[in-house]
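Report on the structure given below.
We number each residue from 1, following the sequence as shown. Every number for a ligand or one of its atoms is a count from 1 in the order of the listing.
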Amino acid sequence: MILAANWKLHFGPKETHNYLKEFLQLASQVTEDVQFIFFPPALCLPQTAEILKTTKIKWGAQNTFFEDEGAFTGETSPKEVAHLGASYGLVGHSERRHFFKESNEWVIQKFHALIRHNLTPILCVGETLEQRNHGQTLQVIQEQIQFLSNKLPPFLIAYEPVWAIGTGQVATPEQAQEVHQSIKSFLKEKGISDIPVLYGGSVKSANAPALFSQKDVDGFLVGGASLKPQSFFDIYQSVKDML
Ligand code: PGA
């Protein structure tokens, strides 16, 4: 399984150091098949690279621009993130789409920029509450993944209903399964298979087992519950007997 931590705008280099040292201790006995991935804020990536370089734990950037360099004030270069040793990049997170007005076109360009640097994209998709209430969930998600093709190297998808992110209101296992299954069958029609689909949105150790018991839920992208090493590790512990 894949267990990814999205720290969002939390922690500086010092907290990153302390957190990761503590987490490495917790994870030192893990033998099950789990891939931990951390997404710290950009300022903490060098620290993360240093601490994790001799471990099996992977990491990536929460956001990278689609150009490698140039007059783009405030942006983060995917090329430099790759040089630091990252493996992954988040793209299309709903906070980027909504707060920063990132269009689907930008998401697509950023996705391809990650691929260009051999970073594995985790493409985040999800519907708003209004869209769900109007019965548009599957259609919205299909539009967000429409651009994917079977010519692409491996990538991941994270289904994160906008209404479940940071709200404590988690999707039911059935709601998650319905969307995950539809993502996989849509991709299959395009000749794309074996793409892990993570669920994100108010995941914690108390709700993780029921979600993970669903056939097409392959792991989690965790925000709030990833901000403490123990509560993030507890999610793994809550599902480890199912691995
Ligand atoms: P949350 O965030 O776990 O705090 O809901 C998930 C995410 O935004 O990736």
For this session: Classify the contact between Ile165 and ligand 1 as side chain, backbone, both or neither, using a heavy-atom distance cut-off of under 4.0 Å.
Result: both
Exercise. N/O to N/O below 3.5 Å, does that happen between Thr167 and ligand 1?
Worked result: no
Seminar exercise, completed: Note: ligand 1 atoms sitting under 4.0 Å from heavy atoms of Leu221 are 9 (O)
Exercise. Got a sec: does the NE2 of His134 have more than 12 other heavy atoms crowding it under 6.0 Å?
Worked result: no
For this session: Could you list the atoms of ligand 1 found under 4.0 angstrom from a heavy atom of Gly201?
Result: 5 (O)
For this session: Ignoring hydrogens and angles, state whether a donor on the side chain of Tyr236 or Glu32 is under 3.5 Å from an acceptor on the partner side chain.
Result: yes
Problem set entry | Protein contact to atom 4 (O) of ligand 1 [nearest heavy atom, distance to 0.1 Å] | Gly224 N, 2.8 Å
Exercise. Under a 4.5 Å cut-off applied to non-hydrogen side-chain atoms, are Tyr19 and His10 in contact?
Worked result: no
For this session: Assess the side chains of Asp68 and His117: does a donor N or O sit below 3.5 Å from an acceptor N or O?
Result: yes
For this session: Look at atom 2 (O) of ligand 1 and say which protein heavy atom is nearest, naming residue and atom and giving the distance to 0.1 Å.
Result: Lys8 NZ, 3.2 Å
Problem set entry | Ala158 heavy atom under 4.0 Å from ligand 1 | no
Problem set entry | Geometric N/O contact Ala225 with ligand 1, under 3.5 angstrom | no
Exercise. For ligand 1, is there an atom lying under 4.0 Å from some heavy atom of Ser202?
Worked result: yes
For this session: Kindly confirm or rule out an N or O of Gly223 lying under 3.5 angstrom from an N or O of ligand 1.
Result: yes
For this session: Take every heavy atom of Gly166, measure it against each atom of ligand 1, and state whether any distance is under 4.0 Å.
Result: yes
Exercise. Can a donor-acceptor pair be found between the side chains of Gln109 and Glu105 at a distance below 3.5 Å?
Worked result: no
Exercise. So which of Trp106, Phe155, Phe111 actually passes ring-ring contact (aromatic ring centres under 6.0 Å, His included) with Phe147?
Worked result: Phe111
Exercise. Is there a side-chain contact between Val91 and Cys124, using heavy atoms and a 4.5 Å cut-off?
Worked result: no
Exercise. Which of these, Glu127, Gln175, Gln144, sits in a side chain to side chain donor-acceptor pair (under 3.5 Å) with Tyr159?
Worked result: Glu127
For this session: Verify whether one side chain among Asp234 and Gln230 offers a donor that lies under 3.5 Å from an acceptor in the other.
Result: yes
Problem set entry | Under 4.0 Å to a heavy atom of Ala164 - the qualifying atoms of ligand 1, by number | 5 (O)
For this session: Could you tell me which atoms of ligand 1, counted from 1 in the order shown, lie closer than 4.0 angstrom to a heavy atom of Glu160?
Result: 6 (C), 7 (C), 8 (O), 9 (O)
Problem set entry | Per-atom contacts of ligand 1 with His93, taking only distances under 4.0 Å to non-hydrogen atoms | 7 (C), 8 (O), 9 (O)
